[in-house]
**Q** 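Okay, handing you the structure first.
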Amino acid sequence: MSDLHTPVLSWYAEHARELPWRGPEATPWAVMVSEFMLQQTPVSRVLPVHEAWLTTWPTPAALAAAPSGDAVRAWGRLGYPRRALRLHASAVAITERHGGEVPDSYEELRSLPGVGDYTAAAIASFAFGRAHAVLDTNVRRVLARAVSGTEFPPVSPTRAERDLALSLVPAADPEVWAVAVMELGALVCTAVNPSCERCPIAAQCAWLAAGRPAHTGPPRKAQTYAGTDRMCRGRLLAVLRDADGSVSRASLDAVWPDPVQRERALASLVTDGLVVRRGQRYGLPD
DNA sequence: GAAACGTGGGC
DNA sequence: TGCCCAAGTTT
């Protein structure tokens, strides 16, 4: 395969979005906050919350000093609010174990709550310029198409994907390569209706050369939501986010008709630490 | 390894 | 109108 780096880097230099967590002015903490928020959530929805978050909590120590419930409330409607709890817990760990500084090694990052393989590699790369295979859904799709000739990557990351991604990490400016491939997947090599006519590596793309064959293999799992416990949890937590202090049982009962499912969802929220019971009332945690 | 975990926008 | 998707992690 001919070189992918030159065309991808040239394309990125011209078409990269200006995002507040990119560039020299972004602190490692700003990068870390963005990576938590961007897990399964689009950039457009993250932007305003990220800005407000950094204004309120400009450092890990600032967040660590706040009640975790404040983090859950500030998370707003980004979804998957356990991420807010884990980001808060990470801030506490950074304050206690790392002197308030976001650690710069993959291993130390990986040990923080809510930081998995992708996020550890992303923070180490984007915030500290470390060389890592940053394998997110965008990069996996780009490599699946360009190199493997398939429309979509496997359901979960494989050893072959990691080896391939690692083999492509350049010695010079590895963090630029990482963000450039990711950006290509986000803007051009999209999951639906990819813009191959605008793609800088169209000439090298195995999938395009094969005539863009449709995905074969197992159907990609559909996400059901309506009527699920997840939806119920979301409704219950929205009541608590929008309330000043604690709320009564009645105000929770009002947003979900099925009492069995409602009880189950509320109990799971308490188990997760997203909700605390205070006597006969409920609220966000301290 | 499968399933759970929120929310909103695009086609 | 629904279905699919979005910089994943945890159990």
Side-chain angles (χ1 to χ4, degrees), chain A residues 16-17 19-22 26 30-50 72 75-87 89-90 109-127 132-142 151-159 161 165 175 178-187 189-194 215 218-241 255-256 261 264-265 267-269 271-275:
Chain A
R17 293 169 290 182
L19 299 172
W21 44 86
R22 288 183 186 163
V31 171
M32 181 169 177
V33 171
S34 80
E35 290 304 334
F36 269 73
M37 292 183 172
L38 287 164
Q39 292 169 2
Q40 301 285 281
T41 304
V43 167
S44 61
R45 290 174 49 209
V46 165
L47 283 169
V49 183
H50 182 268
V72 174
W75 197 255
R77 305 188 67 80
L78 287 182
Y80 293 146
R82 289 189 296 191
R83 290 181 293 167
L85 232 39
R86 290 174 182 149
L87 181 53
S90 276
L109 289 163
R110 184 66 180 78
S111 72
L112 296 171
V115 178
D117 289 335
Y118 161 77
T119 301
I123 297 171
S125 181
F126 302 150
H132 288 286
V134 182
L135 203 56
D136 81 322
T137 189
N138 291 302
V139 175
R140 296 184 61 219
R141 188 174 54 249
V142 169
E151 185 178 18
F152 296 113
V155 174
S156 55
T158 62
R159 178 59 186 271
E161 286 183 272
E175 76 282 9
V179 74
V181 188
M182 200 178 299
E183 190 80 336
L184 184 64
L187 299 183
C189 192
T190 50
V192 178
N193 298 326
H215 177 68
R220 320 175 73 212
K221 65 170 184 241
Q223 318 176 57
T224 55
Y225 185 63
T228 61
D229 285 12
R230 271 155 75 186
M231 185 175 188
C232 182
R233 284 166 55 105
R235 293 283 178 80
L236 295 172
L237 200 58
V239 172
L240 297 172
R241 270 201 313 266
V255 298
W256 198 264
Q261 189 174 27
R264 186 171 64 232
S268 73
L269 286 169
T271 296
D272 288 348
L274 285 162
V275 173

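Chain naming here is simple, since letters A, B, ... match the order of the sequence lines and numbering starts at 1 in each. Bear in mind that the values here come from a model prediction, so they are computed numbers and not experimental data.
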**Q** Using only side-chain N and O atoms of A/Arg233, determine if any of them is under 4.0 Å from OP1 or OP2 of B/dG6.
**A**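 Answer yes for this pair, as a side-chain N or O of A/Arg233 is under 4.0 Å from OP1 or OP2.
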
**Q** Just to be sure I understand the rule, does A/Asp272 reach a base, reach only the sugar-phosphate, or reach nothing, if contact means heavy atoms closer than 4.0 Å?
**A**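 Since no nucleic acid heavy atom lies under 4.0 Å of A/Asp272, the category is nothing.
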
**Q** Rounded to whole Å, please give me the gap between CH2 in A/Trp75 and C1' in C/dT9.
**A**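 These atoms are roughly 12 Å apart.
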
**Q** Go through C/dA6, C/dA7, C/dC5 for me and flag the one nearest to the A/Trp21 side chain.
**A**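 The answer is C/dA7, which lies nearest to the side chain.
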
**Q** Assign A/Ala191 to base, sugar-phosphate, or nothing according to its heavy-atom contacts below 4.0 angstrom with the strands shown.
**A**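 Sugar-phosphate: the residue A/Ala191, judged by heavy atoms under 4.0 Å, touches backbone atoms but no base.
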
**Q** C/dC5 C1' sits how many Å from A/Asn138 CG, rounded?
**A**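 It works out to 11 Å between those atoms.
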
**Q** Quick one: is A/Thr119 getting a side-chain N or O under 4.0 Å of the C/dT9 phosphate, OP1 or OP2?
**A**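 So the side-chain polar atoms of A/Thr119 do come within 4.0 Å of the phosphate oxygens OP1 or OP2 of C/dT9, strictly under.
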
**Q** Please tell me if A/Gln40 has a side-chain N or O lying less than 4.0 Å from either OP1 or OP2 of C/dG8.
**A**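 Checking C/dG8 against A/Gln40, a side-chain N or O does come within under 4.0 Å of OP1 or OP2.
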
**Q** Within less than 4.0 Å of OP1 or OP2 of B/dT7, is there a side-chain N or O belonging to A/Arg241?
**A**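 True: A/Arg241 side-chain N/O within range (under 4.0 Å) of B/dT7 OP1/OP2.
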
**Q** Is the distance from OP1 or OP2 of B/dG8 to the nearest side-chain N or O of A/Arg77 less than 4.0 Å?
**A**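 Checking B/dG8 against A/Arg77, a side-chain N or O does come within under 4.0 Å of OP1 or OP2.
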
**Q** Output the rounded distance in Å from CE (A/Met32) to P (C/dG8).
**A**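 Those two atoms, CE and P, are 16 Å apart.
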
**Q** With rounding to the nearest 0.5 Å, note down the distance linking CD in A/Gln39 to OH in A/Tyr80.
**A**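 Atom-to-atom, A/Gln39:CD and A/Tyr80:OH are 11.0 Å apart.
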
**Q** Report the residue (A/Asn193 or A/Gln39) whose heavy-atom-nearest nucleotide on DNA chain B is the more 5′ of the two.
**A**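 With A/Asn193 and A/Gln39 compared, the 5'-side residue is A/Gln39.
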
**Q** Nearest to the A/Arg82 side chain among C/dG8, C/dC5, B/dC5, which nucleotide is it?
**A**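 For A/Arg82, the side-chain atoms sit closest to B/dC5.
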
**Q** Just how far, in rounded Å, is P of B/dC5 from CZ of A/Phe36?
**A**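 To the nearest whole Å, that distance equals 20 Å.
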
**Q** Tell me, yes or no, whether the heavy-atom count around A/Arg22 atom CZ, taken from other residues, nucleotides or ligands under 6.0 Å, exceeds 12.
**A**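 Above 12, so yes.
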
**Q** Which part of the nucleic acid does A/Leu78 contact within heavy-atom distance under 4.0 Å: base, sugar-phosphate only, or nothing?
**A**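 Base contact.
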
**Q** Starting from C1' on B/dT7, measure out to CG on A/Asp229 and report it in whole angstrom.
**A**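 Checked: the CG to C1' distance equals 16 Å.
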
**Q** Do other residues, nucleotides or ligands put more than 12 heavy atoms under 6.0 Å from the CZ atom of A/Arg159?
**A**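 At most 12 heavy atoms, drawn from other residues, nucleotides or ligands, come within 6.0 Å of this atom.
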
**Q** What integer number of Å spans the C1' atoms of B/dG1 and C/dG8?
**A**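 Going atom to atom, C1' in each nucleotide, I get 16 Å.
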
**Q** Taking the P atom in each of B/dA2 and C/dA7, what is the distance between them to the nearest angstrom?
**A**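 Approximately 22 Å lies between the P atom of B/dA2 and that of C/dA7.
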
**Q** Given B/dG6, C/dG8, C/dC5, which nucleotide is nearest the side-chain atoms of A/Thr41?
**A**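 Selected nucleotide (nearest to the side chain): B/dG6.
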
**Q** Any donor-acceptor pair under 3.5 Å linking the side chain of A/Gln261 with the backbone of A/Gly227?
**A**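 It does hold such a pair.
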
**Q** May I ask you to say what A/Leu19 touches in the nucleic acid, namely base, sugar-phosphate or nothing, with a heavy-atom cut-off under 4.0 Å?
**A**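 Base, at least one base atom sits under 4.0 Å.
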
**Q** How close or far is atom C1' of B/dG9 from atom CG of A/Leu47, stated in whole angstroms?
**A**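 Interatomic distance, CG of A/Leu47 to C1' of B/dG9: 15 Å.
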
**Q** Using atom CG of A/Asp136 as one end and atom P of C/dG8 as the other, report the distance to the nearest whole Å.
**A**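 Atom-to-atom, A/Asp136 to C/dG8, this comes out as 6 Å.
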
**Q** Output yes when a side-chain donor or acceptor of A/Arg83 lies under 3.5 Å from a complementary backbone atom of A/Leu78, and no otherwise.
**A**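 Yes, because the side chain of A/Arg83 sits within donor-acceptor range (under 3.5 Å) of the backbone of A/Leu78.
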
**Q** Within the structure shown, what part of the strands sits under 4.0 Å from A/Val115 by heavy-atom distance: base, sugar-phosphate, or nothing?
**A**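 It contacts sugar-phosphate atoms only.
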
**Q** On DNA chain C, check which nucleotide each of A/Pro42 and A/Leu112 is closest to and give me the residue with the more 5' one.
**A**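 Closest to the 5' end, via its nearest nucleotide, is A/Pro42.
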
**Q** Given B/dC5, C/dA6, C/dT10, identify the nucleotide with an atom nearest to the side chain of A/Arg230.
**A**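 Looking only at side-chain atoms, A/Arg230 lies closest to B/dC5.
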
**Q** Quick check on DNA chain C: between A/Arg86 and A/Val43, whose nearest nucleotide comes earlier from the 5' end?
**A**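 By nearest-heavy-atom nucleotide position, the 5'-most residue is A/Val43.
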
**Q** Which distance, rounded to the nearest 0.5 Å, do you find between the CG of A/Leu47 and the CE of A/Met37?
**A**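 Here the rounded value is 10.5 Å.
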
**Q** To the nearest Å, give me how far apart CG (A/Leu38) and P (B/dG6) are.
**A**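 Interatomic distance, CG of A/Leu38 to P of B/dG6: 18 Å.
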
**Q** A/Arg264 near the nucleic acid: base, sugar-phosphate alone, or nothing, with a heavy-atom cut-off under 4.0 Å?
**A**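 The answer is nothing, as A/Arg264 stays clear of every strand by at least 4.0 Å.
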
**Q** Looking for any heavy atom pair under 4.0 Å, which part of the strands does A/Gly79 touch: base, sugar-phosphate only, or nothing?
**A**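 Base, at least one base heavy atom under 4.0 Å.
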
**Q** Whether A/Arg141 contacts C/dA6 is assessed here as follows: a side-chain N or O lying under 4.0 Å from the phosphate OP1 or OP2. Is that the case?
**A**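 A/Arg141 to C/dA6 OP1/OP2: side-chain N or O found under 4.0 Å.
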
**Q** Do the side chains of A/Leu269 and A/Leu240 get nearer than 4.5 Å, heavy atoms only?
**A**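 When only atoms from C-beta onward are counted, A/Leu269 and A/Leu240 do not touch, as no gap falls below 4.5 Å.
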
